[in-house]
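A short write-up of the structure that comes next.
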Amino acid sequence: VVDLCATMPPGVKWRGIREKCVLRDAMRSVLPREIARRRKRPLQAPHDGWMRARLPDFAEELLSTDELARKGHFRPAAVRALLDEHRADAGHHGDLLYAILSVQLWDEMFLRGEGLDGLGFPRPPSVG
């Protein structure tokens, strides 16, 4: 399908600013009308739900007050307030908290070169 679509001229795939026209036309009789006509939406991870539940130990550690202070990228009290508010369902900060966790993880892996051994992160199986 990808190879076929790559050979099609843009005018076949687009009508004005509406994309995937060939695919939409081909699936018109299969998909419910509201799905076939809806706007394109990006695939997103369920950050809100993840951040409300108990996170893996490495993630809880990276979002701990001590680790936030040690790395120094974020104000620990502000992050803790966001996490507490989010977990109490008093706000929706899942995307922001996930971004903060990502920076903390990036710092651990690449800036400090400490790896993830100390955080209890599961190691991938060795290949070969």
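These figures come from a predicted structure and were not determined experimentally.
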When you compare the side chain of [Y] with that of [X], does any pair of heavy atoms fall below 4.5 Å?
| X | Y | value |
| --- | --- | --- |
| E60 | R54 | yes |
| R70 | D66 | no |
| H47 | H93 | no |
| L101 | M51 | yes |

Plane angle bin for F110 and W106 - parallel if under 30°, tilted between 30 and 60°, otherwise perpendicular:
tilted

Whether H86 and H92 hold their rings parallel, tilted or perpendicular, with breakpoints at 30° and 60°
perpendicular

Closest non-hydrogen atom pair between P76 and A69, with its separation:
CG-N, 3.6 Å

Would you compute the distance between atom [atom1] of [X] and atom [atom2] of [Y] and round it to the nearest 0.5 angstrom?
| X | Y | atom1 | atom2 | value |
| --- | --- | --- | --- | --- |
| L105 | F58 | CG | CZ | 6.0 Å |
| D48 | D95 | CG | CG | 6.5 Å |
| S64 | D57 | OG | CG | 11.5 Å |
| R80 | L63 | CZ | CG | 7.0 Å |

Could you please spell out the steps behind the salt bridge (Lys or Arg N to Asp or Glu O under 4.0 Å) verdict for E34 and R38?
CA-CA 6 Å; E34 63 272 9; R38 75 179 176 200; over 6 Å; no

Kindly check if the number of other-residue, nucleotide or ligand heavy atoms within 6.0 Å of CZ (R33) is above 12?
no

Please check if the number of heavy atoms outside F74 that lie under 6.0 Å from its CZ is greater than 12.
yes

Please determine whether a side-chain nitrogen of the Lys or Arg among D25 and R28 lies less than 4.0 Å from a carboxylate oxygen of the Asp or Glu.
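Salt bridge between D25 and R28, a charged N being under 4.0 Å from a carboxylate O: yes.
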
Side-chain donor or acceptor of Q104 paired with backbone N/O of L62 under 3.5 Å:
yes

